[in-house]
Amino acid sequence: MKKIKLPSNRIIIGSTETRFGWLSFTVTPKGLKECRFMFGTKKLAEEAIVSSLDIKEPLTDDPLSVPWSELFRSYFEGKIKSFDKVPVDSDGWSDFQKKVYNTVKSIPYGKTASYGAVASFLGNEKASRAVGNALKNNPVAPVIPCHRVISSDKDLCGFSASGGIELKLKMLELEKDNS
DNA sequence: AAAACTGCGGCAG
DNA sequence: CTGCCGCAGTTTT
């Protein structure tokens, strides 16, 4: 992902259509702030992302959003297998959330890990539940691939994005087919 | 400060 | 299989 030059404090809002519905996102000068998908229409996607922002006059169809839209479409078409270079704005995240974020980001494309495994990696094998709690609030799926974290008995557990478990399963299948 | 949540996990019935 | 409890971190009273 090439660096995007931004006027300071500028927030990019964008949306695009993917095989998993309309996707919308926001980007701050620090990186990707929020990303949601599985909306039925462009309008719904934009409303959802804007309502979480506290902005009066959002600029839609921002030209600066175009490379980001392409990035997400590429992932959902199976053409991109890594978001490693994508900057993420983690302001407001707790230390624990950041640690979980970093660990989950290192799970390879097409692979999975259990909540307990992530917790162990962070030094406390009993924090599995807290890991799930943190991932539930992941605002930048699929850049932080929370869909790759499953329960120890190989069930999928939950998925907070609209689309739920079904979506999680489909995303894992997408990666499996392309890996 | 306490209680009430969770995308867990393990171990009983 | 289901149910139950302990767990750590976050959110809500």
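In what follows, chains carry the letters A, B, and so on, assigned in the order in which the sequence lines appear, proteins first and then strands, with residues in each chain numbered from 1.
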**Request:** Could you check whether A/V131 gets within reach of a base, just the sugar-phosphate, or nothing at all, counting any heavy atom under 4.0 Å?
**Result:** nothing
**Request:** Would you mind reading off the distance between A/L122 atom CG and B/dC8 atom P, rounded to a whole angstrom?
**Result:** 16 Å
**Asked** Reckon A/S114 has a side-chain N or O less than 4.0 Å from the OP1 or OP2 of B/dG9?
**Response** yes
**Item:** Spacing between A/K98 atom NZ and C/dG9 atom P, to the nearest angstrom
**Value:** 16 Å
**Asked** Applying the 4.5 Å side-chain criterion to the ILVMFWY set and letting contacts propagate, would A/F76 and A/I144 be lumped into a single cluster?
**Response** yes
**Between C/dT10 (C1') and A/Y101 (OH): distance, integer Å** = 20 Å
**Request:** Rounded to the nearest angstrom, tell me the gap between atom NZ in A/K126 and atom P in C/dC5.
**Result:** 19 Å
**Item:** Given DNA chain C, 5'-ward residue of the pair A/N137 and A/N124, judged by closest heavy atom
**Value:** A/N124
**Request:** Using only side-chain N and O atoms of A/S151, determine if any of them is under 4.0 Å from OP1 or OP2 of B/dC8.
**Result:** no
**Message:** Distance check needed: C/dT10 C1' versus A/F96 CZ, whole Å only.
**Reply:** 10 Å
**Prompt:** Are any of A/S94's side-chain N or O atoms less than 4.0 Å away from OP1 or OP2 of C/dG9?
**Reply:** no
**Fill in**
To the nearest angstrom, the CG-P distance between A/N138 and C/dG9 comes to 19 Å
**Request:** Find the distance between OG (A/S65) and CD (A/E70) and round it off to the nearest 0.5 Å.
**Result:** 9.5 Å
**Message:** Strictly below 4.0 Å: does A/S152 bring a side-chain N or O up to OP1 or OP2 of B/dG10?
**Reply:** yes
**Prompt:** Is A/Y115 touching bases, backbone alone, or none of the nucleic acid, heavy atoms closer than 4.0 Å?
**Reply:** base
**Asked** Once you round to the nearest 0.5 Å, how far does SG of A/C35 lie from CZ of A/F25?
**Response** 8.0 Å
**Request:** Could you tell me how the ring of A/W93 sits relative to the ring of A/Y101: parallel (under 30°), tilted (30 to 60°) or perpendicular (over 60°)?
**Result:** perpendicular
**Item:** Atom-to-atom span, CZ of A/F159 to P of B/dC8 - whole angstrom
**Value:** 14 Å
**Complete:** Closest to the 5' end of DNA chain C, once A/R129 and A/N133 are matched to their nearest nucleotides, is A/R129
**Prompt:** Who is the Watson-Crick or G-U wobble partner of C/dC7, with both distances under 3.5 Å?
**Reply:** none
**Request:** Decide if the gap between the ring center of A/F37 and the ring center of A/F72 is smaller than 6.0 angstrom.
**Result:** no
